[in-house]
There are 4 protein chains.
Amino acid sequence: MNEVKVGIIGATGYGGLELIRFLHNHPEVKEIDLFTSSEEGTIFSSKFGHLLSIHDAPLNKIEEEKLSGFDVVFTSTPSGVTSKLLPPLVGVGPKLIDLSGDYRLKDLASYEKWYKKTPAPHSIVQESVYGLTEWNEKNIQSAGLIANPGCYPTAVLLSVLPLIKERLIDPNYLIIDAKSGVSGAGNKPSQTTHYSEMNENFSIYKVNEHQHIPEIEQAIKMFANTETTITFNTHLVPMTRGILATSYAPVLPGVTNKQLNDCLEETYKNHPFVRLVQDVSSIGTNRVKGSNYCDIYVKVDERTNRATIVGVIDNLVKGAAGQAIQNMNVQFSLPQTLGLDVVPLFI
Amino acid sequence: MNEVKVGIIGATGYGGLELIRFLHNHPEVKEIDLFTSSEEGTIFSSKFGHLLSIHDAPLNKIEEEKLSGFDVVFTSTPSGVTSKLLPPLVGVGPKLIDLSGDYRLKDLASYEKWYKKTPAPHSIVQESVYGLTEWNEKNIQSAGLIANPGCYPTAVLLSVLPLIKERLIDPNYLIIDAKSGVSGAGNKPSQTTHYSEMNENFSIYKVNEHQHIPEIEQAIKMFANTETTITFNTHLVPMTRGILATSYAPVLPGVTNKQLNDCLEETYKNHPFVRLVQDVSSIGTNRVKGSNYCDIYVKVDERTNRATIVGVIDNLVKGAAGQAIQNMNVQFSLPQTLGLDVVPLFI
Amino acid sequence: MNEVKVGIIGATGYGGLELIRFLHNHPEVKEIDLFTSSEEGTIFSSKFGHLLSIHDAPLNKIEEEKLSGFDVVFTSTPSGVTSKLLPPLVGVGPKLIDLSGDYRLKDLASYEKWYKKTPAPHSIVQESVYGLTEWNEKNIQSAGLIANPGCYPTAVLLSVLPLIKERLIDPNYLIIDAKSGVSGAGNKPSQTTHYSEMNENFSIYKVNEHQHIPEIEQAIKMFANTETTITFNTHLVPMTRGILATSYAPVLPGVTNKQLNDCLEETYKNHPFVRLVQDVSSIGTNRVKGSNYCDIYVKVDERTNRATIVGVIDNLVKGAAGQAIQNMNVQFSLPQTLGLDVVPLFI
Amino acid sequence: MNEVKVGIIGATGYGGLELIRFLHNHPEVKEIDLFTSSEEGTIFSSKFGHLLSIHDAPLNKIEEEKLSGFDVVFTSTPSGVTSKLLPPLVGVGPKLIDLSGDYRLKDLASYEKWYKKTPAPHSIVQESVYGLTEWNEKNIQSAGLIANPGCYPTAVLLSVLPLIKERLIDPNYLIIDAKSGVSGAGNKPSQTTHYSEMNENFSIYKVNEHQHIPEIEQAIKMFANTETTITFNTHLVPMTRGILATSYAPVLPGVTNKQLNDCLEETYKNHPFVRLVQDVSSIGTNRVKGSNYCDIYVKVDERTNRATIVGVIDNLVKGAAGQAIQNMNVQFSLPQTLGLDVVPLFI
């Protein structure tokens, strides 16, 4: 194949900005156009100074006919937007990759309950493909509409799915304690994310109520064929990027630390973005910062026969824009790493 | 009673600096002298500029006879120091309050195993009193040597002890996911705590191996009469102060969210430093920053019948120097809040 | 005198919160009541969780007659508010201490130009006293209305005034490069102060346009009897508290480094909150964090015969609430340090 | 030409890590080998976890004959190392690019005075070429040894050189107030850069004594043919990356704001990494984070006829590794942007 023409709806959000950052260096992308519902005509770099001389074109109005001419359209909007925006674009031309939560939950009642929004049309939700790349490559390849996974689910699922699928840990006592940098809260100012109140403040939020709970449970069923009800809590870390999710589960009788590590290694040996880490001192959000890697660490406590399973990603990359581009690569039969093979910043 | 003469050994550490910060405004303290093993004669404020005009006296050499003249001696040293330093001072005059871990574990074999150091003398360890103020006031009152609790155990125990003691949660599945600001790692520079590598980095450390595990288990037995083996992990947050510990446990059959809250309220109604918080958006380390408060929040998940129990402290205050002074107040029959009644900084 | 009854208007701002923090421990303050224009009835600690059990009273409506019963009323509001709010309260009872900029500039045209607001009534502005405590104690003592200095001017003036007054530096080439933590921008969320965009970002703002420029020039004239036009720029530092202002000026012929230091030492020898620092490694915002100190450092460059003059304060304390309370102490003939003698946090 | 074989000495420093980050994606680089004086044999990714699966090769011993086989050798070591290390490699094969300060100052006495080290051999220093790419392209093209500029000088020189050269500002009153993120202090832990003491602390250091002073003065003479003695001070910002240098100088009689902007625009119109910014709200270190851009802003104050000139870079990229690779591109007649055309992270 050759050059890909890309449209981005919701480019002013952090997911959108990261799409631009990576697509700018993607060798198969020839054009990137940005769309917006409200700031039509604004020179993009006048709003985002870091893009001066990089993207000086104006924002375009969202118009169906214009969008239908693209090879792929990414949508990176708040929940409740693409449920209405995308249906007319399905099947008319561009591959669609939705970074929002609107097409992730197959059970529409569940969507309504957790998102408190009207769900997208049933048939489109059912046809859409959940874009957890390492676990769903085949379906992604032929997908017209991809529901790109949430940031937390990506970190959690990549680290726990192999162990549940291989029946090495007990999914009935799965407790997930997740922590995220503040960029996960998006670009809209609020009291919570006001610098002086967020800085030097570690907090917990949405106790038992995060909308990523049903997404994780659905994926465990989908990929590990296991029904379970998880405990999942989320915390805000005073830093910009990164998710570290610590999961706890009993290991099944006789299962060893080595078996867990072997299982993870075997699962991901051909997946360049998932790295199994042996030395806990190498586990940390800055080891993946700015990159599409997911680092995983697992350790069994012999006192309790419980496993600690750690998944680490950059929430804006593997947890959003990076995985979306990885999925685009799969859709277009390109190497998964194309445009994404960057070294984490570390410092 | 009247004026208290205070000696501090290990004043150059962060625990020591916080002792000075609070004792400076303690109405019953008339004199504070600082002792050191290696920097005798150094003008303290030349080393710590923030104390210029506040503590310009030189550091003193540690000498038994000099120390015996004080009313109280705080020791805030790395583990393995006071096990040797304090025995000669026991019973000769000053009340002793040890902020290190050397006298916390009654089981000397356990100390050796977790601290990898030679334990303090058996008889002195047995006589020492564990200084979790809200739970051990009577014994603290008459104690000659107080083993001041660790920072993590303080946050964890204050939040889970009432619920275990009243048999509201199941201690056999207690999973504790704790997070701490970097000051908990002390004042000694290292690669891990080097600004450029700690900043913007959330990490996990000492998986299943933290020396506070046996301390928590011992206290659960001591105060809630319950033997249990806990899962306990620790994380480093890119901020200076604060601990937030998230604990997970099944509630026992029929137990409600209200019962958990009532139990906590009842337990702490006469304890001014423990605050039960109803609104999760008010839970965060900056709500206690610089103060001796411990904030607690609890919530039952009706999907899983598991409780999320959150304890929040300033690790250097309620988790170290503040609780030590609170214990001093008890020993000297002073109001617990004396010198400690300060408003958290928040910003 | 005895107990002081305090009213605070604008308690929900950071200046207001700091007033509460210090007044809570002020031995001569018996009562603190909070007033608001818009959130009447709100339990204050439900809005500011760190004040739980400390200030659980509701916010009061601003009413002239109620306010006239207080001994002192602090106003900590955005500019343009007290110009209208305070006139009816002048002379009717309470001492008034205004933390906003509305009464600082004696030249009303200048106020209009720099603040782009309607000025306060001429006569009241003229009668008000500029509250730079160390330089205006006499007038503050008898003042009915104090215009508390701005944060930047406090750091700048305390460090440069003695040198200008004693004709040691040339005020005609005074260049001031000031840096502030983000709390100086107040508590209102904005894109600039949104955590993800403020974190890890050092920036310059209001080039040549900061409203503190005329305030500094006026004070140099008032206290050093010198007319000058300064260059003054401001920067935002990704931290919450603190101002460090670096000023540059040629030293006058023959003037030595020692003379500058002697001048500063002589000026402030009886002023406990101003500290002259000799070792540059002790100069930094964390050395004054949370306290009312102003640290000053000066050094002449022999290559250029220019002096570097550094002033460091906590913008919310010596730059706002702390100095306001210091002024209250002067008004009530109390020791200046009463309620303010706290040790900086450092860490 | 075709593929370039690269050796890096000092890869464990932050400059070295950034070289690896960019060279990994450089289309003309085929091989990267790392050399060290002390950790021979260490698997690089075991020391730097972020490079797991990216650079798993061991560190090599520094050996002259091995190094002579490379096309280019970068040295990123503390000052005082390459003065001894590089002479044997000059002219024997690889192009040499030194990121340290050892070859920057042509006046060896000046090097000795400011660096307090023995200088490199006179002839080699004189032959080396100062690698300020935008100003010295011709000489860089044929250089065997490039002295890559310091981080501060890069930010300062790019912003002030055009204005001095075109006689628009008065170089005799040039005052430069520079601020840097902590990564500029390198990777070696110290008390100053210990997280708990650096966090939330803005400080000034090396007043009038920074070794970049003679480098800036030399370059002003070299490129703008002007002798001057500057005032230059440096500050540490609690963030990892970024330099913002604020320079102040009188504009010469009759010179307007527009002239300054036109001069900068004209100077850099064909230099893709230098961006002239018109809107001050777009000036900030996060606008260039992770990239090779230098953003410049200039504004004349009509009250004082002084210009404020701001230069912003990522100290590790345009201030070190990025400019070094830009110089390599010039040496190898490649487009300057090759491997460096990345979008700043912003968040």
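Note that the structure is a prediction, hence the values are computed from the model and not measured. Naming convention: chains lettered A, B, ... in sequence-line order (proteins, then strands); numbering from 1 in each chain.
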Atom of [X], atom of [Y] and distance for their closest heavy-atom approach:
{"X": "Arg306(C)", "Y": "Thr229(D)", "answer": "NH1-O, 4.2 Å"}
{"X": "Leu244(D)", "Y": "His235(C)", "answer": "CD2-CD2, 4.0 Å"}
{"X": "Ser203(D)", "Y": "Gly284(C)", "answer": "CB-CA, 4.1 Å"}

For [X], is it the side chain, the backbone, both, or neither that has a heavy atom closer than 4.5 Å to a heavy atom of chain C?
{"X": "Lys299(D)", "value": "both"}
{"X": "Val312(D)", "value": "neither"}
{"X": "Asn172(D)", "value": "backbone"}
{"X": "Leu345(D)", "value": "neither"}
{"X": "Glu302(D)", "value": "neither"}

**Any side-chain heavy-atom pair of Thr304(C) and Asn208(D) under 4.5 Å** =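 Sidechains of Asn208(D) and Thr304(C): no contact.
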**Request:** Compare all side-chain heavy atoms of Phe202(C) with those of Phe202(D) and state whether any distance is below 4.5 angstrom.
**Result:**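 In contact.
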**Between OG on residue Ser281(D) and NZ on residue Lys206(C), distance to nearest 0.5 Å** =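 With rounding to 0.5 Å, OG (Ser281(D)) is 13.5 Å from NZ (Lys206(C)).
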Among [options], residue most engaged with chain D (heavy-atom pairs, under 4.5 Å):
{"options": "Val280(C), Ile347(C), Thr231(C)", "answer": "Thr231(C)"}
{"options": "Tyr173(C), Tyr205(C), Phe346(C), Tyr297(C)", "answer": "Tyr173(C)"}
{"options": "Arg303(C), Lys289(C), Arg287(C)", "answer": "Arg303(C)"}
{"options": "Asp301(C), Ile283(C), Val207(C)", "answer": "Asp301(C)"}

**Request:** Mark yes or no for whether Asn201(C), through its side chain, and Asn286(D), through its backbone, hold a donor-acceptor pair below 3.5 Å.
**Result:**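 Yes.
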**Item:** Most chain C-contacting option - heavy-atom pairs closer than 4.5 Å, from Val310(D), Thr192(D), Asn233(D), Leu236(D)
**Value:**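 That would be Asn233(D).
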**Message:** Taking CD in Glu112(D) as the centre, count heavy atoms belonging to other residues, nucleotides or ligands within less than 6.0 Å. Is the count above 12?
**Reply:**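 Enclosed.
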**Asked** In this structure, are over 12 heavy atoms from other groups packed under 6.0 Å from Lys188(D) atom NZ?
**Response**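 Atom NZ in Lys188(D) is not packed in, count stays at 12 or less.
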**Request:** Please determine which of Val237(C), Thr240(C), Thr285(C) meets the side chain to side chain contact (heavy atoms under 4.5 Å, CB included) test together with Glu200(D).
**Result:**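 For Glu200(D), the side chain to side chain contact (heavy atoms under 4.5 Å, CB included) test succeeds with only one of Val237(C), Thr240(C), Thr285(C), which is Thr240(C).
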**Request:** Take Ile204(C) and Thr308(D) through the test side chain to side chain contact (heavy atoms under 4.5 Å, CB included) and record every step on the way to the result.
**Result:** CA-CA 11 Å; Ile204(C) 186 169; Thr308(D) 300; 4.2 Å; yes
